[in-house]
2 protein chains.
Amino acid sequence: MEEPRKRARPGRVPAPAGRTSRPRQAEVARLAGVSQATVSLVLGARKQGATISEETRRKVLDAVRALGYVPDPAASRLAAARNNLLGVFSFTSTFPTDVQHSYYPFLVGVEQEAAARGYDLVLFTGSSTGGAGAAGPNALARVRLADGCLFLGRHAPAEELRRLVADGFPVVHLGRRDELEGLAWVGADYISASQEVVAHLAALGHRRIVLVREDDDAPASTDREHGFLKGLEEAGLPGGPAAVFRSADPERELTAERLRGWLDEGVTAFVAEETDTGDAWRALHGAAHFVGIDCPRDASLALLGSPPPDLAEEPVPTGFDIPRPRLGAAAVRMLAALVSGEEAAEPLVACTFRPGSTAGPAPARY
Amino acid sequence: MEEPRKRARPGRVPAPAGRTSRPRQAEVARLAGVSQATVSLVLGARKQGATISEETRRKVLDAVRALGYVPDPAASRLAAARNNLLGVFSFTSTFPTDVQHSYYPFLVGVEQEAAARGYDLVLFTGSSTGGAGAAGPNALARVRLADGCLFLGRHAPAEELRRLVADGFPVVHLGRRDELEGLAWVGADYISASQEVVAHLAALGHRRIVLVREDDDAPASTDREHGFLKGLEEAGLPGGPAAVFRSADPERELTAERLRGWLDEGVTAFVAEETDTGDAWRALHGAAHFVGIDCPRDASLALLGSPPPDLAEEPVPTGFDIPRPRLGAAAVRMLAALVSGEEAAEPLVACTFRPGSTAGPAPARY
DNA sequence: GCGTATTACTAATGCGCATTAGTGAGTCAC
DNA sequence: GTGACTCACTAATGCGCATTAGTAATACGC
């Protein structure tokens, strides 16, 4: 009769004495005179199977109230269930000192939509400040606490994201991100919006239009150019490289002479892309002012996006607005879809045309 | 030989086939030819006990890299360890549409300090928007995901907080909160700051000073009044109820007549408290302007806090600045202390005096 | 009255990790 | 060479919950 060798009981040490530990399902069960499993069944919105009598349910719920039981989200998550938490991760500081550069407008929509769908939100700081597991390849590990995660910012490391995607972790990137196979994203439809702006200018009689853009290959930039050229084509206007002025430093390179040159060539409308810095618009705006253009009488200006805050007071530029809160909301919708295994939702969010006051009829040229 | 009745194996169903599951410590262990426990020991910053040979450590770390292992935060947390997550919970919407009323400035400091201390941040939205478990008594349940939690906003429900505190869960409230026994908090030292402003005015020769405040019993308001009166007393100036004008609607009640009355009585300096709306300062500022006071020649104004954003352009008011980012940082320090079981840190953060240009020497009166 | 359903519940199990008692090998002293 | 020790590691355990096979009790059918 060889009993298996008895070993002592390792494992966790009992909870620190001083701390009144909050109740577990086990305590609730004891008070209600049922099993822990029954408590779980009563509390969980069980899809099928087990049926619980009204009587038992009541007893359990009474016990829950009496003890003030609240479930442990970590345990819920571990037990392979979901915990109704959606993560949000931004790689630059989530809360930069300068509000203008933040994702704040997006977060407004994200929060609302998440709340509306019954999700709680968990924000992970990218620790641009250099803390925590920021640097290491584990930077993204903690997002797995949530059921899925939304990523903000261009700097999301591809390798890490790929990893999450490969593991089947629901991930949505805010902003187009095509190069990463299988990565879901939500973005603004810059192409259509830019095209619409050009159409507007064409309808006003402008026959030669120039786009001022920075030297950047972000999708947001190329999309705008794409839409711009598409708009020209659609209107039967001359496109090609001559219609696009690309500069790494527009404020320096977009000189008065250059502007006058364009005007002399018959260009009557100018379009700038919106960027982080707003440099393209600032340069265009500045040069036009310097040259003494009476806008929109002498020439029309348009901005493919919203003006930088410091130029917000000026006459409202014709162009379009990026519905940031709605983008955030759309991203949450898609993430929710992924989490619940549904088919992905619409990734493109339409921008809204902004009439503004910087575009008018093309001046009659002699 | 009665074998215990064989029962089928319940428990979790195997992971969905399609999803390439990420590696566990067990896989790492297998690859490295060691036990799971060893992996845990190598990865964990073990405090004491087990020693691991350099050889084994290397093997394990190699395997970790090879498989790209990342720990599951939920499991870490469940296994009674800490997960280096600090929660931040705000009861009003964390991201209100209006940036000005948000906790943004605090969050800047919170994020930085947390990162600096090697903590990750988890933000919980209070779902003021009405989603999730906002209403129920479980609103705070999810904060237990983290090692401790920081609470923003006056509306943190006392019952819930008391509960967390009683359970020994590390909690810090941003903003004074004395009525809740045992609740740790961090706040700005309005008393000293207000006192300093009065001292400054007194030093400029002002003998009669009036405080304009709203009708609110928040600690932030009473502290300012307290400091104001203390400052008067210290300077040997007349205090008492006459020195404080308390109004639920200062913009309506702080009339030009009233202001003129004060001036006639020999009041030469006015102090307004800062509130959410900035109404006190707006009313004071407006009335002074209306009456045609040349500030600071005819009379001095001071603001116990920062001006509302729409009045930021005006001459900078003399007063003090609430170092919101530093407050956030201090709150994180205190929370970190609680989490690690240290003694609580300093709860009061000093405000910084702002000379401004609305206070000058008292006018000579005949 | 005996198989078959149905109902209402419980036992057992594992999620992934941290923890600790225990084990076996090696070292040293006398 | 034997006890006392150290070193390096592993086995076993549980954190709190969700899940599911199993079971006892009763109802039903013929």
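Just so we're on the same page: letters track the sequence lines, and every chain starts at 1.
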Please determine, for the side chain of [X], which listed nucleotide ([options]) has the closest atom?
{"X": "B:A79", "options": "C:dC17, D:dA12, D:dA18", "result": "C:dC17"}
{"X": "A:Q25", "options": "D:dC17, C:dT19, D:dG14", "result": "D:dC17"}
{"X": "B:R24", "options": "D:dT10, C:dG16, D:dG16", "result": "C:dG16"}
{"X": "A:T51", "options": "C:dC17, D:dG16, C:dA8", "result": "C:dA8"}
{"X": "A:T56", "options": "C:dC9, D:dA12, C:dG16", "result": "C:dC9"}

Just the rounded figure in Å: distance from [atom2] of [N] to [atom1] of [X].
{"X": "A:D72", "N": "C:dC15", "atom1": "CG", "atom2": "P", "result": "18 Å"}
{"X": "A:L78", "N": "D:dT19", "atom1": "CG", "atom2": "C1'", "result": "13 Å"}
{"X": "B:L43", "N": "C:dG16", "atom1": "CG", "atom2": "C1'", "result": "13 Å"}
{"X": "A:R30", "N": "C:dC9", "atom1": "CZ", "atom2": "P", "result": "19 Å"}
{"X": "B:E27", "N": "C:dC17", "atom1": "CD", "atom2": "C1'", "result": "13 Å"}
{"X": "A:R58", "N": "C:dC9", "atom1": "CZ", "atom2": "P", "result": "12 Å"}
{"X": "B:I52", "N": "D:dC7", "atom1": "CD1", "atom2": "C1'", "result": "10 Å"}
{"X": "B:L41", "N": "C:dA18", "atom1": "CG", "atom2": "C1'", "result": "8 Å"}

Ion pair present between [X] and [Y], side-chain N to carboxylate O less than 4.0 angstrom?
{"X": "A:R57", "Y": "A:E54", "value": "yes"}
{"X": "B:D72", "Y": "B:R77", "value": "no"}
{"X": "A:D62", "Y": "A:R65", "value": "yes"}

Quiz prompt | Most 5' of B:A75 and A:T38 on DNA chain C, judged by nearest nucleotide | solution = A:T38

Exercise. Check every strand shown and say whether A:V39 touches a base, only sugar-phosphate, or nothing at a heavy-atom separation below 4.0 Å.
Key: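 Result for A:V39 = nothing.
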
Quiz item: With a 4.0 Å cut-off on heavy atoms, is B:S53 in touch with a base, just the backbone sugar-phosphate, or nothing at all?
Solution: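 Sugar-phosphate contact only.
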
Exercise. Ignoring backbone atoms, establish whether B:S76 has a side-chain N or O less than 4.0 Å from OP1 or OP2 of C:dC17.
Key: no

Quiz item: OP1 or OP2 of C:dC17 less than 4.0 angstrom from a side-chain nitrogen or oxygen of B:S40, does that happen here?
Solution: no

Exercise. Taking all heavy atoms of B:A184 and all of B:M334, pick out the closest pair and write down the distance.
Key: CB-SD, 3.9 Å

Quiz item: Under 3.5 Å, is there an N or O donor on one side and an acceptor on the other linking the side chain of B:E54 and the base of D:dA8?
Solution: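 Looking at the base of D:dA8, it does not pair with any donor or acceptor on the side chain of B:E54 (distance under 3.5 Å).
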
Quiz item: Can a donor-acceptor pair under 3.5 Å be found between the side-chain atoms of A:Q36 and the base atoms of D:dA18?
Solution: yes

Quiz item: Could you state the interatomic distance from CZ (B:R333) to CZ (B:R117), rounded to the nearest 0.5 Å?
Solution: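 Reported value, rounded in 0.5 Å steps: 6.5 Å.
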
